[in-house]
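Below: the structure, in structure tokens.
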Amino acid sequence: MIGWVLKKILGTQNQREVRRLTPLVGEINRHEEALRTLSMEQLRGKTAAFRERLAKGESLDQLLPEAFAVVKNCCRRFTEEKRRIRVRGQEILWEMIPFDVQLIGGMVLHSGRIAEMATGEGKTLVATLPTYLNALSGKGVHIVTVNDYLAARDADWMGEVYRELGLTVGCLQHGQTQSERRAQYACDITYGTSSEFGFDYLRDNGMATTPEDQVQRRHFYSIIDEVDSILIDEARTPLIISGPVTVSTHQFDKYKSIIEGLVRKQNTLCTDWANQAKEKVEKGDLQGAGRLLYKVKLGSPRNKLLLKFQEDPGTRRAVDDAELEMYQDTRRTELYKTKEEMYFSIDERNSEADLSQMGRTFLNPNDPNFFSVPDLITTNHDIDSNAGLSVEEKIKAKAQAQSDYEEASQRIHNISQLLRAYCVFEKDVHYVVQENKVVIVDEYTGRLMPGRRWSDGLHQAVEAREGVQIDRETQTLATITIQNYFRLYEKLAGMTGTAETEANEFKDIYRLGVVVVPTNRDCVRKDADDLIFKTRREKLNALIEEIKKRNAAGQPMLVGTASVESSEIISRMLRRENIPHSVLNAKQHQLEAEIVARAGERGAVMIATNMAGRGTDIKLSPGVAELGGLHVVGTERHESRRIDRQLRGRCARQGDPGSSQFFISFEDDLMRNFGDSRKIAGLMTKLGMEENEGLQHPWLNRSVETAQKRVEGRNYQVRKHTLQYDDVMNQQRTVIYAWRSDMLNSTDPRPEVFETVDERITSEVEARAGTDPVDLDGLVHWANSAMPVGLQKEDFLRAGGKEEWAKLLKAKVREAYEVKVKFENPEAVKALERFVVLGAIDRLWQEHLYAMDGLRTSINLRAYGQKDPLIEYKNEAYGMFGELMARIKEEVVHNLFRSASSLSAFESFLSALPQKAGRGELPMEAAVQPTEGSMSMQAEGGSTVVEEALAPMKRQGPKLGRNDPCPLDSAKKFKNCCGATGSKSCLKVSA
Ligand code: ADP
Ligand code: MG
């Protein structure tokens with residue numbers, strides 16, 4: 001009911017928005033009519049005229065009606081002259097003039113929102129309208145496609161319009177050289193995939209050593225095609241550039257055999273319980289059986305007998321009952337006790353593995369505590385209150401406790417990853433083993449993802465399990481999530497066929513509104529109710545019958561599956577029935593596009609895993625409409641309703657006939673893990689379901705949808721959580737990259753360098769002068785060892801108080817430096833100065849990234865200590881960042897005068913940079929790493945925020961105490977605000 005009301009309100013809001021834009025359509029069309037009499041030359045002249053008007057202060061909004069009209073008119077000319085365009089080696093006849101709804105879509109995109117437009121509505125063409133308009137600014141428009149092939153296709157195809165109108169078009173492709181890339185970015189419009197854009201950003205800002213190495217210009221406006229698949233499905237995928245590290249911290253090989261033993265023990269235990277449950281079932285004691293089976297589910301979720309019992313609605317319900325019972329608050333201790341009856345317990349929903357006392361004892365009978373996290377806080381407290389220890393001994397003892405703690409955390413982390421590798425991840429479902437390598441299967445698309453690695457040691461753990469070569473651990477050199485990359489743009493827009501169900505998430509996280517644009521022609525697709533079966537076997541048999549029936553009549557069908565595995569099963573079954581079909585496993589995008597394009601022919605059967613974000617639409621061949629058009633069958637409901645909508649939306653495009661239906665069973669993962677099976681089983685009995693026969697009823701649809709909503713909610717929470725953590729990293733990266741970029745692009749780096757040196761001096765003087773008694777000896781020692789200033793204690797005493805000390809040091813340092821560089825080549829000196837800062841930033845930032853990874857891991861362990869890990873993480877990350885800034889400054893001071901050593905370091909620094917030798921050698925890795933994300937979407941310009949962000953950090957000096965007042969907001973303690981990005985985005989950490 002509430003949903004219905006909400007829909008009504010949203011519906012009208014959307015209609016209002018569309019109605020608001022409609023008068024502009026009339027205006028565009030009037031302008032377009034007026035353009036028809038112009039010559040092509042005159043039409044092209046409009047581009048220069050628009051640019052002039054922009055220069056005179058007119059806004060893009062003001063130009064919109066005329067600029068859209070120019071694009072539309074250009075399309076009309078192409079259509080009338082039957083222009084053929086070479087697109088990826090093939091000639092395509094241009095026959096499209098933007099429909100009115102496409103003009104509306106274009107306006108939505110220009111306004112920085114998401115346009116939901118169904119498949120086949122021509123989003124590719126829609127994008128040309130705002131792209132042309134915004135490209136007039138000369139600031140570069142980036143259009144993001146789902147793969148390289150589509151980027152190249154669209155740059156060829158849509159590029160014809162832009163080029164005709166006098167704009168330049170570029171296209172990023174994997175493997176392009178640096179200079180090729182720079183040329184693409186120099187164009188008015190650049191097509192490319194999100195990872196190409198993101199990696200270029202990382203290389204530009206994390207690795208480039210001269211401005212000439214940088215390829216991107218600025219982040220002005222970006223339109224993301226299939227935006228839901230980029231911003232939602234890929235939300236947990238950071239882009240990572242990594243290199244190998246020298247020491248390995250993983251001990252998977254060491255623990256592998258003992259974990260195998262543990263898993264075997266556990267399996268025996270669980271199989272016993274499952275057998276006992278079987279006996280109980282036979283005796284009619286369903287409740288007892290349910291309790292036992294629930295234990296099996298906790299200990300070994302993929303136990304064969306358990307899975308079999310889950311298929312039977314009766315026992316299944318008993319297990320659910322037992323589970324429900326356990327999760328009542330009053331039964332918590334019982335749940336705990338149950339977990340202690342096995343070696344370890346696994347939470348399948350959260351993919352977590354937890355050792356019990358029994359498990360710890362098995363792993364190390366002599367010292368079970370070897371595998372538990374020491375309580376550092378208590379230990380430290382004990383040390384502090386131990387009167388028998390001297391101050392020095394206390395410091396030593398604490399350091400020892402810290403290192404014990406870290407070692408134990410590492411150990412437990414290793415064990416937990418191994419347990420996940422053995423019990424949660426399944427070969428040929430989550431990954432395959434190919435050529436002695438573990439290759440991830442993408443859970444959304446079912447595609448193999450060679451080169452991708454799970455992070456946090458999980459990949460190595462799976463490699464250990466499969467006995468393949470454990471790859472060397474890698475170290476992160478630069479990283480950003482795709483989302484955070486897109487947050488850099490001044491204006492962001494997206495388009496997709498399915499955004500509505502996720503509108504809240506777009507709004508909350510990215511501040512992107514969604515406008516549903518009406519279809520050009522009414523959609524006449526018929527969506528039948530789901531057909532539900534008890535078992536997968538029954539479902540598949542019925543499915544094959546359905547395919548046979550429709551295929552005999554010649555109707556084309558698209559069969560959507562949830563995994564590559566089930567695509568293959570269905571393909572085998574169809575072969576047995578001699579039904580010709582194609583399977584889309586999508587290793588080659590161009591081939592894929594061709595297969596998809598043929599799927600609307602008479603009698604075609606196409607099986608595809610996950611149609612989301614494939615970007616090619618299915619046109620009907622002549623005669624097919626009379627047969628009912630394309631029929632879409634889903635063989636499983638996906639976790640998210642959006643993906644199901646994507647599949648359904650593949651038929652009935654542009655007013656075509658079409659129909660769709662889902663076939664599901666109780667054995668599907670969604671139903672197994674999240675379905676309210678009791679309710680559904682009850683419904684089925686009520687509706688009188690027979691064996692071997694599918695059941696269809698609107699009630700059932702609703703139950704399935706409830707399960708989906710539950711998963712959607714959980715996945716949203718996971719993404720949000722991830723984003724909150726990444727926000728911390730994102731702010732830090734912003735500060736560091738801005739500093740780096742300033743250095744890289746400054747023509748005279750010396751003032752920058754001395755600013756840093758001065759800050760370092762000030763903080764050192766303050767620290768030494770702040771002690772009681774004043775540590776002048778220490779200051780003299782520090783000054784002389786860091787810089788060749790040759791100052792005695794007497795010089796300081798003669799100068800006066802601490803302000804004078806700082807002044808004296810700053811003057812002396814400049815003097816010494818002048819002497820040093822007097823006879824050097826000034827250009828070489830500049831390069832060296834730049835390097836002194838860049839080298840320090842890069843080395844220490846990379847170390848910092850590694851430390852932050854570690855922090856992330858240990859913070860999760862702290863969740864056991866009943867603290868909010870996010871707050872802990874923010875606090876510690878903040879402290880670490882302060883230290884990082886201080887260390888960079890210290891290193892700058894030290895290196896400035898070590899000309900010989902820094903010169904040689906400079907050379908080795910340059911030679912160590914792989915992109916100097918060619919991009920191909922730059923190690924790249926995109927890992928699935930649930931540590932990235934951020935919460936607040938800033939629409940303001942990337943670069944201005946960056947500059948603002950840097951200023952306060954520089955002013956602060958390196959050693960601002962955590963309890964000092966915040967320089968931006970003196971009402972707050974420094975530790976309680978982020979301190980890095982200005983008061984606007986202070987992270988309020990309520991410690
Ligand atoms: P979407 O991305 O929205 O699914 P596409 O951009 O792939 O759709 O376009 C689908 C098809 O519709 C393309 O073959 C294109 O040629 C055609 N099309 C788009 N706009 C028009 C138009 N205004 N008139 C005629 N055909 C069009
Ligand atoms: Mg498309």
Side-chain angles (χ1 to χ4, degrees), residues 25 28-29 32 68-69 71-80 82-85 87-88 90-106 108-109 114-131 143-147 149-161 191 193 223-230 493-499 515-521 523 525 558 589-590 592-594 596-600 611-621 630 632 645-656 658:
V25 171
I28 296 166
N29 287 336
E32 198 269 327
F68 277 29
V71 175
K72 179 167 175 179
N73 186 254
C74 183
C75 292
R76 181 183 303 285
R77 287 163 195 254
F78 285 1
T79 308
E80 281 167 2
K82 299 204 175 4
R83 185 178 292 218
R84 308 189 77 87
I85 296 157
V87 175
R88 299 288 89 193
Q90 281 182 346
E91 294 230 317
I92 293 188
L93 179 67
W94 186 284
E95 40 187 357
M96 17 181 206
I97 305 165
F99 303 122
D100 288 353
V101 287
Q102 289 179 309
L103 299 177
I104 292 179
V108 172
L109 294 180
I114 293 176
E116 175 174 308
M117 298 182 75
T119 312
E121 285 294 303
K123 293 185 281 293
T124 319
L125 181 67
V126 170
T128 58
L129 298 154
T131 299
I143 305 178
V144 182
T145 61
V146 287
N147 60 48
Y149 167 73
L150 289 174
R153 183 199 73 177
D154 293 354
D156 281 355
W157 193 15
M158 300 298 130
E160 188 80 359
V161 175
Y191 282 86
T193 63
I223 301 175
I224 308 177
D225 192 12
E226 308 291 354
V227 63
D228 52 339
S229 107
I230 300 287
M495 46 193 194
T496 170
T498 45
V515 178
V516 182
V517 179
T519 52
N520 184 42
R521 288 149 153 233
C523 178
R525 188 184 68 223
L558 166 65
H589 296 304
Q590 175 147 15
E592 168 180 330
E594 284 161 15
V596 174
R598 282 201 305 270
M611 287 299 292
R614 294 219 186 240
T616 327
D617 81 329
I618 303 172
K619 285 186 180 150
L620 301 183
S621 294
L630 181 70
V632 170
R645 281 185 70 206
Q646 283 265 4
L647 180 63
R648 284 206 152 118
R650 293 293 149 170
C651 68
R653 52 175 293 279
Q654 291 284 350
D656 284 346

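Heavy atoms only: backbone and side chains are in, while hydrogens, waters and symmetry mates are out. Read the numbers this way: they start at 1 and go in the same order the structure lists the ligands and their atoms.
Residue contacts with ligand 1 for M117 are absent, since no atom lies close enough (heavy atoms, distance under 4.0 Å). Residue-level proximity to ligand 1 for D225 is absent, since no heavy atom of it falls below 4.0 angstrom. Looking at W94 against ligand 1, nothing comes within 4.0 Å, counting heavy atoms. Only the side chain of Q102 comes within 4.0 Å of ligand 1, judged by heavy-atom distances.
Taking the ring pair (Phe, Tyr, Trp, His ring centres under 6.0 Å) definition, one finds that F99 meets it with nothing, sequence neighbours left out. R76 pairs by the salt bridge (Lys or Arg N to Asp or Glu O under 4.0 Å) definition with E32, not counting sequence neighbours.
Judged by distance alone, the side chain of E91 and the main-chain N or O of I85 form no donor-acceptor pair under 3.5 Å.
The closest side-chain heavy-atom distance from V126 to L109 is below 4.5 Å. Taking 4.5 Å as the limit, some side-chain heavy atom of E226 sits within range of a side-chain heavy atom of Q646.
Of all the atoms in ligand 1, the ones that sit under 4.0 Å from a non-hydrogen atom of I97 are 22 (C), 23 (N). Close contacts between ligand 1 and A118 involve ligand atoms 3 (O) [criterion: under 4.0 Å to a heavy atom]. Heavy-atom proximity to R653, at under 4.0 Å, picks out these atoms of ligand 1: 11 (C), 12 (O). Near T119, the atoms of ligand 1 lying under 4.0 angstrom from a non-hydrogen atom of the residue are 4 (O). Of all atoms in ligand 1, listed by their number and element, those nearer than 4.0 Å to a heavy atom of W157 are 16 (O). Each of the following atoms of ligand 1 lies closer than 4.0 Å to a heavy atom of L125: 20 (N), 23 (N).
Around CZ of R521, the count of heavy atoms belonging to other residues, nucleotides or ligands within 6.0 Å does not exceed 12.
For atom 9 (O) of ligand 1, the nearest non-hydrogen atom from the set G105, A127, G649, G122 belongs to G122. One option in R650, E226, M96 has a heavy atom closer to atom 26 (N) of ligand 1 than any other, and that option is M96.
Heavy-atom separations between K619 and ligand 1 include at least one value shorter than 4.0 Å.
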- Message: For a side-chain hydrogen bond (donor to acceptor under 3.5 Å, both in side chains) check, start with the C-alpha distance between T498 and D228, then their side-chain angles and the critical distance, and finish with the verdict.
- Response: CA-CA 7 Å; T498 45; D228 52 339; 2.8 Å; yes

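A salt bridge between D156 and R88 is present, with a side-chain N of the basic residue lying under 4.0 Å from a carboxylate O of the acidic one. Salt bridge annotation for R83-E160: present, with a cationic side-chain nitrogen under 4.0 angstrom from a carboxylate oxygen.
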